[in-house]
K.L.:
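Okay, here's the structure, questions in a sec.
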Amino acid sequence: MRNQEHPSAEQKGGSKDSSRDGRLSFRKFGEHQLRREFKDMAIDKCRDRINAFGKCAQEQGLMVVFKCRDFNKELNSCMAVHNSHEAFEEYKKNNEGALMKKIPGMK
């Protein structure tokens with residue numbers, strides 16, 4: 001019963017090692033940086049909608065949920081187009097060279 005409640009040090013170490021593989025992968029690091037650049041580009045493309053929603057939210061205060069619904073829908077639809085998983089995969093495919101430069105040791 002004690003083993004089920006408290007895993008041994010070996011079990012803890014094994015689970016830590018397996019979860020670290022994805023986080024410590026250099027390719028994942030490069031993809032993370034590429035994703036950050038992609039997200040920044042999406043934000044730039046939707047900047048006008050972000051500003052419009054922000055202005056509405058500032059003016060409406062607590063009523064933002066009701067009064068700024070249309071601005072929020074426009075913002076979400078813009079981000080859905082420019083920040084989708086499919087768009088990122090296309091961006092990653094088109095920027096494979098940049099991805100390799102971002103991976104430490106792959107320059």
Side-chain angles (χ1 to χ4, degrees):
M1 182 171 185
R2 179 161 165 72
N3 287 342
Q4 291 175 350
E5 291 177 12
H6 301 288
S8 70
E10 292 171 359
Q11 291 171 332
K12 285 181 185 178
S15 67
K16 282 184 182 179
D17 287 342
S18 65
S19 67
R20 285 184 184 157
D21 288 340
R23 290 183 308 183
L24 298 179
S25 165
F26 288 128
R27 178 147 181 102
K28 294 280 185 195
F29 177 75
E31 283 185 23
H32 174 72
Q33 286 188 325
L34 204 63
R35 169 63 87 170
R36 191 176 326 146
E37 287 176 10
F38 177 73
K39 188 173 273 192
D40 289 343
M41 287 173 37
I43 289 171
D44 287 342
K45 290 177 183 176
C46 298
R47 178 69 57 200
D48 58 333
R49 291 173 182 91
I50 292 170
N51 291 340
F53 177 73
K55 183 179 178 188
C56 180
Q58 209 169 27
E59 291 172 356
Q60 298 303 323
L62 293 175
M63 296 301 290
V64 66
V65 176
F66 306 106
K67 302 261 181 161
C68 302
R69 187 170 287 162
D70 291 335
F71 292 109
N72 189 27
K73 286 180 183 177
E74 286 181 31
L75 172 59
N76 286 337
S77 65
C78 180
M79 290 301 285
V81 169
H82 296 293
N83 196 31
S84 69
H85 180 71
E86 294 81 18
F88 176 67
E89 290 301 320
E90 182 70 24
Y91 179 76
K92 188 169 73 169
K93 189 172 88 174
N94 293 337
N95 292 291
E96 191 68 31
L99 176 61
M100 287 302 155
K101 289 180 183 176
K102 293 180 185 310
I103 299 173
M106 295 295 289
K107 297 179 181 188

K.L.:
Give, for atom CD of E31 and atom CG of L34, the distance between the pair rounded to the nearest 0.5 Å.
P.N.:
8.0 Å
K.L.:
Once rounded to the nearest 0.5 Å, what's the spacing between atom CD of E90 and atom CG of N95?
P.N.:
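With rounding to 0.5 Å, CD (E90) is 10.0 Å from CG (N95).
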K.L.:
Looking only at heavy atoms, what is the nearest atom pair of A87 and S84, with distance?
P.N.:
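A87 and S84 have their closest heavy atoms at N-OG, 3.1 Å.
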K.L.:
Quick check for you: to the nearest 0.5 Å, what is the distance between D44 atom CG and D40 atom CG?
P.N.:
7.0 Å
K.L.:
For C56 and K67, work out which heavy atoms get closest and say how close.
P.N.:
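Heavy-atom minimum between the residues: SG-O, 4.0 Å.
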K.L.:
For R35 and N83, work out which heavy atoms get closest and say how close.
P.N.:
NH1-OD1, 3.8 Å
K.L.:
Can you confirm whether E89 is buried at CD, in the sense that more than 12 heavy atoms of other residues, nucleotides or ligands lie under 6.0 Å from that atom?
P.N.:
yes
K.L.:
Tell me if the CZ atom of F71 is crowded by more than 12 foreign heavy atoms within 6.0 Å.
P.N.:
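Count not over threshold, so no.
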K.L.:
Would you name the heavy atoms of Y91 and E37 that are closest together and state the gap between them?
P.N.:
OH-OE1, 3.8 Å
K.L.:
Work out which heavy atom in C68 is nearest to a heavy atom in A57; give both atom names and the distance.
P.N.:
SG-N, 3.7 Å
K.L.:
Quick one: do F53 and V65 end up in the same hydrophobic cluster if we chain Ile, Leu, Val, Met, Phe, Trp and Tyr together by side-chain heavy atoms under 4.5 Å apart?
P.N.:
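Yes.
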K.L.:
Measure across M79 and A42 and return the closest heavy-atom pair with its distance rounded to 0.1 Å.
P.N.:
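Shortest heavy-atom contact: SD-O, 4.0 Å.
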K.L.:
Under a single-linkage definition using a 4.5 Å side-chain heavy-atom cutoff for Ile, Leu, Val, Met, Phe, Trp and Tyr, are L75 and V81 assigned to the same hydrophobic cluster?
P.N.:
no
K.L.:
Can you measure from CG (D48) to CD (E74) and round to the nearest 0.5 angstrom?
P.N.:
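One gets 8.5 Å once the value is rounded to the nearest 0.5 Å.
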